[in-house]
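For clarity, every value in this text was computed on a predicted model and none was experimentally measured.
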Amino acid sequence: MKVLVAEDDRISALFLTKSLEQLGYSVVTVEDGEAAWVALQDPEIRLVISDWMMPKIDGLELCRRLRERAGRRYVYFILLTAKTYKEDRLQALNVGADDFLSKPLDRAELSARLNVARRLLSMEEELYARTIELERVQRELEDRNSTLQLLATTDPLTGLKNRRYFMERLESFITFGMRRSMPISVVMIDVDHFKSYNDTFGHTAGDEILVRFGRALV
């Protein structure tokens, strides 16, 4: 998993980077919120550890921007702070922070917080995969329904709409004509001498005549 560390204090940034790398994470480290926002355009970053107080864009604003971004995968956000007041933490939670790390940093606490983040992101990955699969199945069902609807209303030989389609649409055409005071016309066409042609040359030849006649109508 790729983790973004946004920390302007070099000692804390080095501690976090080394600790995360030892735990098997791929780490991107930046020194301010503006650089963090640029780095967050990388879709592989799924977890952020950000200092609250930073130059240019602070951690709270960075989190707010991240949560307002639409159409991207969920990114777990941990705020790194020495703030202990309830009001501050409630503000951060309301903005969209998932968790906190207290300064000075503790390696055991860091590992525990990361375990929580990994479990939640794993659940999100599973949910995302299921959502993608459901969307695929839904598209497949819609395609099959469209195919079935087409087969049910189309003559398989000529490709023209069949009697069922005609009966289904006739009522709506009549209603439309009455509402608009417009005439509705129905044309019946017969193929002269078709039976004798069919009897003389066979059904295959007769089918070919019907296919050509259907193409001429279209």
Discussion item. Between Met178 and Phe173, does the side chain to side chain contact (heavy atoms under 4.5 Å, CB included) criterion hold? Intermediate values first, please.
Written reply: CA-CA 9 Å; Met178 294 175 64; Phe173 282 136; over 6 Å; no
Discussion item. Would Leu110 and Ile49 count as a side chain to side chain contact (heavy atoms under 4.5 Å, CB included) here? Give the steps.
Written reply: CA-CA 10 Å; Leu110 172 64; Ile49 301 176; 4.0 Å; yes
Item to complete: Show the numbers, then the answer: is there a salt bridge (charged side-chain N to carboxylate O under 4.0 Å, His left out) between Asp98 and Arg67?
Response: CA-CA 11 Å; Asp98 295 292; Arg67 295 299 177 239; 2.8 Å; yes
Discussion item. One pair to check against side chain to side chain contact (heavy atoms under 4.5 Å, CB included): Asn94 and Gln91. What are the steps and the verdict?
Written reply: CA-CA 5 Å; Asn94 287 330; Gln91 182 186 12; 5.6 Å; no
Item to complete: Could you check Tyr197 against Ile209 for side chain to side chain contact (heavy atoms under 4.5 Å, CB included), going step by step and ending with a plain yes or no?
Response: CA-CA 9 Å; Tyr197 183 91; Ile209 288 296; 3.4 Å; yes
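With hydrogens and angles ignored, the 3.5 Å screen pairs a side-chain donor or acceptor of Arg72 with a backbone N or O of Gln41. Side-chain atoms of Thr158 come within 3.5 Å of backbone atoms of Leu160 as a donor-acceptor pair (strictly under, hydrogens ignored). Asn162 places a side-chain N or O within 3.5 Å of a backbone atom of Ala152 that can act as its donor or acceptor partner. The closest donor-acceptor contact from the side chain of Ser111 to the backbone of Ala108 lies at 3.5 Å or more, if one exists at all.
Under the 4.0 Å criterion applied to side-chain N and carboxylate O atoms, Arg136 and Glu133 are assigned as salt-bridge partners. A salt bridge links Lys195 to Asp199: at least one charged side-chain nitrogen sits closer than 4.0 Å to a carboxylate oxygen. We find that Glu61 and Arg64 are joined by a salt bridge, their nearest charged nitrogen and carboxylate oxygen being less than 4.0 Å apart. No salt bridge links Arg118 with Glu125; every basic N to acidic carboxylate O contact stays at or beyond 4.0 Å. The residues Arg163 and Asp155 are annotated as not salt-bridged, no charged nitrogen and carboxylate oxygen being separated by less than 4.0 angstrom.
Considering only heavy atoms from C-beta on, Glu135 stays 4.5 Å or farther from Arg130 through its side chain. A heavy-atom distance below 4.5 Å is found between the side chains of Leu66 and Phe77. The closest side-chain heavy-atom distance from Tyr128 to Arg73 is below 4.5 Å. Contact check for Val5 versus Val30: no side-chain heavy atoms found under the 4.5 Å cut-off. Using a 4.5 Å cut-off on side-chain heavy atoms (C-beta onward), Leu47 and Val75 make no contact. Between Val48 and Ile78, the closest side-chain pair of non-hydrogen atoms is not below 4.5 Å. Looking only at side-chain heavy atoms (C-beta outward), Asp207 and Thr204 stay at 4.5 Å or farther from each other. Looking at Trp37 and Arg69, their side chains come closer than 4.5 Å, going by heavy atoms from C-beta outward.
Enclosure of atom NZ in Lys2 by more than 12 non-hydrogen atoms of other residues, nucleotides or ligands within 6.0 angstrom is indicated. Within 6.0 Å of the CG atom in Leu90, the count of heavy atoms belonging to other residues, nucleotides or ligands exceeds 12. Within a 6.0 Å radius of CD in Glu44, other residues, nucleotides and ligands contribute 12 heavy atoms or fewer.
Here Gln138 contributes atom CD and Asp143 contributes atom CG; the two are 10.5 Å apart, rounded to the nearest 0.5 Å. Here the straight-line distance linking atom CG of Asn198 with atom NE2 of His193 works out to 14.5 Å at 0.5 Å rounding. A distance of 10.5 Å separates CZ in Phe194 from CZ in Phe213, rounded to the nearest 0.5 Å. Rounding to the nearest 0.5 angstrom, the gap separating the CG atom in Leu210 from the CZ atom in Arg215 is 12.0 Å. Rounding to the nearest 0.5 Å gives a distance of 9.5 Å between CZ of Arg107 and CG of Leu20. Between the CG atom in Asp99 and the CD atom in Glu109 there is a gap of 8.0 Å [rounded to 0.5 Å].
Taking both residues in full, the closest heavy atoms of Leu79 and Ala97 are given as CD1-CB, 4.1 Å, listed atom of the first, atom of the second, then distance. Nearest approach of Asp58 to Trp52, heavy atoms of both residues: CB-O, 3.1 Å. Residues Gly33 and Leu62 share a closest heavy-atom pair of O-CD1, 3.9 Å.
Linking Ile, Leu, Val, Met, Phe, Trp and Tyr residues whenever their side-chain heavy atoms come within less than 4.5 Å leaves Tyr165 and Leu157 in two separate clusters. Connection of Tyr74 to Leu4 is not established within any shared hydrophobic cluster, with ILVMFWY side chains joined at heavy-atom distances below 4.5 Å, either directly or through further cluster members.
For the 3.5 Å distance criterion, the side chains of Arg144 and Gln149 fail to qualify, holding no donor opposite an acceptor. Between the side chains of Thr153 and Arg164, no donor N or O sits under 3.5 Å from an acceptor N or O.
Remark: Arg46 fails to qualify as a cation-pi partner of Tyr76 under the 6.0 Å distance and 45° angle criteria applied to the six-membered ring.
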